[in-house]
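Reading through the structure tokens given below for one structure.
The chains referred to below are lettered A, B, ... by the order of the sequence lines, with proteins before strands, and numbering in each begins at 1. Keep in mind that this is a model prediction, so the values were computed, not measured.
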Number of protein chains: 2
Amino acid sequence: MDQILKKPIRAKKSRRNKSAPKAGIRQKKQRLILKAAEKVFSEFGFRGATTQMIADRAGIPKANLHYYFPTKLVLYRKIIEEIFSIWLEAAQSFDENSDPVEALSRYIDKKMEISRSHPFGSKIWANEVMHGAPIIQDYLETTLREWTDSRMVIIQRWIDDGLIDPIDPRHLLYMIWASTQHYADFVHQIKTLNGGKKLSDTQWDNAREDVKTIILNGIGATKRVAK
Amino acid sequence: MDQILKKPIRAKKSRRNKSAPKAGIRQKKQRLILKAAEKVFSEFGFRGATTQMIADRAGIPKANLHYYFPTKLVLYRKIIEEIFSIWLEAAQSFDENSDPVEALSRYIDKKMEISRSHPFGSKIWANEVMHGAPIIQDYLETTLREWTDSRMVIIQRWIDDGLIDPIDPRHLLYMIWASTQHYADFVHQIKTLNGGKKLSDTQWDNAREDVKTIILNGIGATKRVAK
DNA sequence: AAAAATCTTGACCAGTTGGTCAACACTGAT
DNA sequence: ATCAGTGTTGACCAACTGGTCAAGATTTTT
């Protein structure tokens, strides 16, 4: 997940690689650039974003940005990879809980949490997929597909065991993704419809609870609702 | 909804406006351009799309495109307006049915249908909102807000009448939008996860039924399920 | 037929963009 | 102090973009 940066710029001839301070600067600046890029990409899309904008937001000259990330594409891909790994982590709950109510509750909780804390990432992903995933198609075909397949098996088992109603696991997953990510991708619309004010803590709580309630009730999983 | 084209290019001095043939060409070509633009915008976003691409796809020179649509922005807005009006029409079911199961079933059906038949439009809308609605903010604040408010009143009445469980009407609407539009906006991802093949008629039927089932069950609306 | 209106288009332009590069600055080791 | 490795940056460029324009083609009206 790190091999994209081809240039092994750092530490080549220096005999002792004890030059920690430089390495620190390097990492710190890359972080800075990535954070700026995430926001700019999410706001303007890949083509809409300019390296100049990103550099400006990071408070550095454009040339300096290109010193750390040779091309706009490398920078973009780096960001997508991070988002993706965050999403995968959120799905641990499937492995840690055998009970569907527990597992799905936690998964939805986490996904909603990510929508709130990482809205930019979610938008970039959505943007990328909406445009036909020109840059991350390989991810869809490998990692995401494998992940999805394995989760569908688990859901199917719940159905076979009579723990939830018989629905196509695929559509359940899509619905969870759609409903939770909607709060990140469409945050602007939600905000506008909320009188121009972003959702309060309470409103977020309500949203999370409503999403959970509807989905869990919707698949007949609520013999005992985890509240 | 038509006042955007400021240039009243047509019929100005010609005394008799019986010049039907020209007018026909005009309309036909505008349609052609709009259709091409819809696809290109949905694929590349506003900034990513170039007027050259649109002209190419429409099979005309770029200059000709600019003869009919003075700027890229005018063309874009025109498209957004069309999409929006299609979505509003889909919501008639709220007025025509007093029963929540009936009203919501039809609404979801229609929304899913639109996702299938107008995926480009949905993507453009999503793209626009995700980027902060720079061009259609007025729509969100006026038409969409009014529409949403009026529907929320209806849903709230269902709750008061004990026809559905007490959930925040807002989140029910968001969930319906998210779940149905997901099948348009993320069609590429769905296709990839479906082995690279787009959904068959049967799969679309299943998707539609599952979405309806989960949502209607989810809000406790299914004393009698409309099947 | 010929004038008037409308439509078509190749050539062009000014502004912007991603990316380069050579000169310069800093840091830490010897 | 010196020097190699690393980091910084203003200036630059070739490619591309939205949009213009004037000359010409086509159709309709007189």
Rounding to an integer number of Å, can you tell me how far [X] [atom1] sits from [N] [atom2]?
X	N	atom1	atom2	answer
Tyr67(A)	dA25(C)	OH	P	17 Å
Tyr76(B)	dG19(D)	OH	C1'	20 Å
Lys29(B)	dC7(C)	NZ	P	10 Å
His66(B)	dC12(C)	NE2	P	19 Å
Leu73(A)	dG18(C)	CG	C1'	12 Å
Gln30(A)	dT6(D)	CD	P	14 Å
Phe69(A)	dT8(D)	CZ	P	13 Å
Leu32(A)	dT8(D)	CG	C1'	14 Å

**Message:** Aromatic contact between Trp177(A) and Tyr174(A), with the criterion being ring centroids under 6.0 Å apart: yes or no?
**Reply:**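 Yes, close enough.
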Strictly below 4.0 Å, N to O, side chains only: are [X] and [Y] in salt-bridge contact?
X	Y	value
Asp138(B)	Arg145(B)	no
Arg31(B)	Glu82(B)	yes
Glu43(B)	Lys39(B)	no
Asp205(B)	Arg208(B)	yes
Asp149(B)	Arg170(B)	no
Lys35(A)	Glu38(A)	no

**Request:** Considering just the side-chain nitrogens and oxygens of Arg26(A), establish if one lies under 4.0 Å of OP1 or OP2 belonging to dT6(D).
**Result:**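 So the side-chain polar atoms of Arg26(A) never come under 4.0 Å of the phosphate oxygens OP1 or OP2 of dT6(D).
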**Request:** Report the nucleotide, chosen from dG19(C), dG19(D), dG7(D), that has the shortest atom-to-atom distance to any side-chain atom of Lys72(B).
**Result:**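 Minimum distance to the Lys72(B) side chain belongs to dG19(D).
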**Message:** Five pairs per end, C1' atoms only: what is the angle between the end axes of the helix from dA1(C)-dT30(D) to dT30(C)-dA1(D), to 10 degrees?
**Reply:**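 End-to-end axis angle for the helix from dA1(C)-dT30(D) to dT30(C)-dA1(D): 10°, rounded to 10°.
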**Sub-4.0 Å heavy-atom contacts from residues 36-65 of chain B onto DNA chain C, ordered by number** =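 When residues 36-65 of chain B is checked for heavy atoms under 4.0 Å from DNA chain C, the hits, listed by number, are Arg47(B), Pro61(B), Ala63(B), Asn64(B).
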**Item:** Check: Trp125(B)/Gln189(A) side-chain N/O donor and acceptor closer than 3.5 Å
**Value:**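 There is such a pair (donor and acceptor under 3.5 Å, judged by atom type) between the side chains of Trp125(B) and Gln189(A).
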**Asked** Do Gln92(A) and Tyr107(A) have side-chain atoms, one donor and one acceptor, less than 3.5 Å apart?
**Response**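 No donor-acceptor contact under 3.5 Å links the two side chains.
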